[in-house]
Amino acid sequence: MNIVVSTLNAKYIHTCLALRYLKAYSEPDFHVEMAEYTIKDPAINIVSDLYIKKPDVLGFSCYIWNIEETIKVIEMIKKISPETAIVLGGPEVSYDVPHWLDRIPDADFIIVNEGEVSFKHFLTEHSGEKRYEKVAGLAWRKDGKPTINPPREKLDLKTVATPYRFEEDLDQLSKRVTYFETSRGCPYSCAFCLSSIEVGVRYFDIQKVKNDLIFLMDNGAKTIKFVDRTFNIKRDYALEMFQFLIDNRRPGVVFQFEITADIMRPEVIAFLNEHAPAGLFRFEIGVQSTNDHVNELVQRRQNFEKLTRTVMTVKEGGKIAQHLDLIAGLPDEDYQSFRKTFNDVFAFGVEEVQLGFLKMLRGTGLRLTADRHDYAYMNHSPYEILGNNVLSFDDIIKIKRVEDVLEKYWNDHRMDATLKYLIYHVFDSPFDFFQEFGDYWESKGWSRIGHQLEDLFARLKEFLIQRGTHNEIIEALMKYDYFSRKKHRPHRSWWEETLSKSDLEPYHRWLKHNPERLSAAFKSYSLSEKDLMKHTVLDLVPFDLNHYLTTGEVKKDQVISLIYYHPKTHEPEHYSFPLDQIDLGERSALS
């Protein structure tokens, strides 16, 4: 029997852990081939590739991001290979099962919830006596009518074969994100989340977990993302795993975790701040809302004071990057309340703030009680809300504009110094900056066209000029951000030059003869005037740039800012020196 399990990932770099669990549990009794694609691949190309494999059983792992494209593939497969048994599984089809059997008539079977044991049992029956009623956790049609067998008991995770050691994965480990789990389940009951449906947390064998991690690192894995819903729910377990990863890390490996910040013990943070190498760990923290009433409505227990303590202590440690999630559209969170939530979270100054919109997922408590808050939402995945009794669609459109520029400017770190100045010195709040800029962005039609790095700087400058708030400080910071993100000396683009070509010559001469005044490292390069002209950018800045970058304080004191583009490393290096300490015969005329 030829068996293929497949999925459509959001991007190539993602891997589907579910397929690997199915393959690991089914073998060696059944050989299972994995076939992964992306939602951007043309459906006909996916169908052609699957058809060539001639599967007798074809399984699809289904999620909100791929279900619509998966349905297109299934419909075509069934037309050209009607004898192929189509089996669906995954969170998107595990709830409201009769709906899916009705909506996807070409799907023959659905595996509900955990799939390892049920899928293998199904293969046994399908290849033998076909007693599908014996397969716990299987939904199917009997005499044309939907039949849902009783659920299967939860799997003993200590019996699960490792999904991380397949030969076909090894050469791709360094190029893709490896999803890894040490537990299943969630201790919380947030009404918007599918994880809340499974009560309790089960753990895999810790020694097997450690062995798998060593294997992955030894075979080139660079980004390992733990998908445990609350990695730090057990303090001793989290500490043991953190210590293990620190002790056994390999160069260039990054580990990502979803943590619950308000239960993170201070001694765990202190341990990480002292022992974790910078860049080894990355935390994803779901804040969602800072409104206590809103959190109560969705059965979310969150102590914002303790969460703040964790986030700020981790930030002060300087070792771990943090990504904080927000959800717009929760019950009773109107526009002004969400503005406060956004500003509360942005005040942390973390590396990334993810702004998402509530999705009314099948099976969640919030979807079941949607009428209480007059929710309108999409009928098809991703089931995103269109409004409720306190948040209109007009409000949602406005917040989406915030999301757009937040991703382009803050989360992509294209101009950190400039944005921090604008947020803390020019606009009333971070939210107001992103909202006003987002509104202007939309009014210019920029959301419908592409953009290069230069465009982002030019568009921000245009917005600030029309607003009447562009000045020489902002211009200098924008140039610093732009120059610092280039690999080679850029040609003149969106900025105003502060020094003409003739102005630069005496500065280049002075720098050639006095490189130690910038630093010993700069002196070691022994740059000629030609090198300085070819590999550096000089800018006259009306304030102490280094002081601002260090303290966030604007101190009026003219300096020369120099960016050196190393011709071998292609890494920009920044130097700054007070203008009044440069002795040029014509300096007063130049400045």
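These figures come from a predicted structure and were not determined experimentally.
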| Side chains of T550 and Y548: do they bring a donor and an acceptor to under 3.5 Å? | no
| CZ on F357 to CG on L330, rounded to 0.5 Å | 11.5 Å
| query | Does the pair R282/E351 count as a salt bridge with the N-to-O cut at 4.0 Å? | reply | no
| said: For F431 together with F346, are the ring centres under 6.0 Å from each other? | reply: no
| said: I need the single residue from Q256, E258, E352 that forms a side chain to side chain donor-acceptor pair (under 3.5 Å) with H323. Which is it? | reply: E352
| Shortest non-hydrogen contact from I39 to A10? | CG1-O, 3.8 Å
| query | Is there a donor in the side chain of E36 and an acceptor in the side chain of T7, or the other way round, less than 3.5 Å apart? | reply | no
| request: Apply side chain to side chain donor-acceptor pair (under 3.5 Å) to D503 and S500, showing your working. | output: CA-CA 5 Å; D503 291 338; S500 68; 3.0 Å; yes
| message | Whether R401 engages the ring of W441 as a cation-pi pair (distance to the six-membered ring centre under 6.0 angstrom, angle to the ring normal within 45°) should be assessed. | response | no
| message | Measuring only between side-chain heavy atoms, which start at C-beta, is I582 closer than 4.5 Å to I560? | response | yes
| field | Within-4.5 Å side-chain heavy-atom neighbours: I46 and V73 | value | yes
| Is it true that a side-chain atom of S381 and a backbone atom of I64 form a donor plus acceptor pair closer than 3.5 Å? | yes
| remark: When rounded to the nearest 0.5 Å, the distance separating CG of D580 from CD of Q558 is 9.0 Å
| Test: D432 and R339 ion pair at under 4.0 Å | yes
| Heavy-atom side-chain proximity of L562 to H574 below 4.5 angstrom | no
| query | Do D395 and S392 meet the criterion of a side-chain donor-acceptor pair at a distance under 3.5 Å? | reply | yes
| field | Option from F255, F226, F281, F283 for which ring-ring contact (aromatic ring centres under 6.0 Å, His included) with F231 holds | value | F226
| query | Thinking salt bridges, do E436 and R467 make one under a 4.0 Å N-O criterion? | reply | yes
| query | For the residue pair F434 and W410, is the inter-centroid distance of their aromatic rings smaller than 6.0 Å? | reply | no
| K555/D557 salt bridge by N-O under 4.0 Å criterion | no
| Spacing of CG belonging to L511 relative to CZ belonging to F577, to within rounding of 0.5 Å | 9.5 Å
| Between K40 and E69, is there a salt bridge with N-O shorter than 4.0 Å? | no
| said: Please enumerate all residues that pass side chain to side chain contact (heavy atoms under 4.5 Å, CB included) together with E475, with sequence neighbours excluded. | reply: K461, H470, K479, W494, W495, E496
| For the residue pair Y421 and H425, does the interplanar ring angle fall in the parallel (under 30°), tilted (30 to 60°) or perpendicular (over 60°) class? | parallel
| Can you say whether the rings of F463 and F427 are parallel (under 30°), tilted (30 to 60°) or perpendicular (over 60°)? | parallel
| request: Assign the ring pair F433 / F437 to parallel, tilted or perpendicular, where the plane angle (0 to 90°) is split at 30° and 60°. | output: tilted
| query | Is there side-chain contact between V311 and I285, with at least one heavy-atom pair below 4.5 Å? | reply | yes
| Is there a side chain to side chain donor-acceptor pair (under 3.5 Å) between T418 and D481 once you walk through the steps? | CA-CA 7 Å; T418 304; D481 279 328; 2.6 Å; yes
| request: Assert yes or no for the condition that the ring centre distance of H566 to Y564 is strictly below 6.0 Å. | output: yes
| query | For K534, does the NZ atom sit with more than 12 other heavy atoms under 6.0 Å from it, leaving out its own atoms? | reply | no
| field | Sidechain N-carboxylate O distance under 4.0 Å for R103, E92 | value | no
| task | Using the side chain to side chain donor-acceptor pair (under 3.5 Å) rule, take S429 and N343 through it: C-alpha gap first, then chi angles, then the decisive distance, then the call. | result | CA-CA 7 Å; S429 77; N343 287 331; 3.1 Å; yes
| message | Run the ring-ring contact (aromatic ring centres under 6.0 Å, His included) test on Y383 and Y377 for me, step by step, so that the C-alpha distance in whole Å, both residues' side-chain angles and the decisive distance to 0.1 Å come before the verdict. | response | CA-CA 6 Å; Y383 313 113; Y377 55 91; 7.4 Å; no
| Hey, is K398 close enough to E403 for a salt bridge, meaning N to O under 4.0 Å? | no
| said: Can you confirm whether D544 sits close enough to N546 that some side-chain heavy atom of one is under 4.5 Å from a side-chain heavy atom of the other? | reply: yes
| field | Spacing of CD belonging to E573 relative to OG belonging to S484, to within rounding of 0.5 Å | value | 11.0 Å
| field | Stepwise ring-ring contact (aromatic ring centres under 6.0 Å, His included) check, Y565 with H570 | value | CA-CA 6 Å; Y565 299 95; H570 302 295; 9.7 Å; no
May I have the list of side-chain donor-acceptor pairs in residues 449-456 shorter than 3.5 Å, sequence neighbours left out?
from: E454; atom 1: OE2; to: Y482; atom 2: OH; distance (Å): 2.7
from: E454; atom 1: OE2; to: K486; atom 2: NZ; distance (Å): 3.1
from: D455; atom 1: OD2; to: Q452; atom 2: N; distance (Å): 2.7

| field | D404 bridged to K408 by N-O distance under 4.0 Å | value | yes
| request: Check whether NZ of the Lys or CZ of the Arg R176 lies under 6.0 Å from the centre of the six-membered ring of Y12 and within 45 degrees of that ring's axis. | output: yes
| said: How long is the straight-line distance from CD1 of I465 back to CG of L460, given to the nearest 0.5 Å? | reply: 9.5 Å
| Got a sec: does the CG of D371 have more than 12 other heavy atoms crowding it under 6.0 Å? | no
| What do the steps show when you test D416 against K420 for salt bridge (charged side-chain N to carboxylate O under 4.0 Å, His left out), and what is the final call? | CA-CA 6 Å; D416 289 350; K420 289 176 182 176; 5.5 Å; no
| query | Are side-chain heavy atoms of V390 and N388 found at a separation under 4.5 Å? | reply | yes
| query | For the residue pair I399 and A328, what are the closest heavy atoms and their distance? | reply | CG2-CB, 4.2 Å
| message | Less than 3.5 Å apart, any donor N or O on the side chain of D49 or Y37 sitting next to an acceptor on the other? | response | yes
| task | Calculate, to the nearest 0.5 Å, the distance between atoms CD and CD belonging to E296 and Q302 respectively. | result | 12.0 Å
| Candidate pair H413 and R485, rule side chain to side chain donor-acceptor pair (under 3.5 Å), full reasoning | CA-CA 10 Å; H413 297 286; R485 280 153 184 77; over 6 Å; no
| request: Report yes or no: do S195 and R229 form a side-chain donor-acceptor pair below 3.5 Å? | output: yes
| field | Polar contact flag, side-chain donor to acceptor under 3.5 angstrom, R301-Y188 | value | no
| message | Could you check whether any side-chain heavy atom of P430 comes within less than 4.5 Å of a side-chain heavy atom of F342, counting everything from C-beta outward? | response | yes
| task | Would you sort out whether V345 and T290 count as a side chain to side chain contact (heavy atoms under 4.5 Å, CB included), showing the intermediate values? | result | CA-CA 8 Å; V345 169; T290 63; 4.2 Å; yes
| query | Between T498 and D539, does any side-chain donor sit less than 3.5 Å from a side-chain acceptor? | reply | yes
| field | Heavy-atom side-chain contact between H508 and T536 under 4.5 Å | value | yes
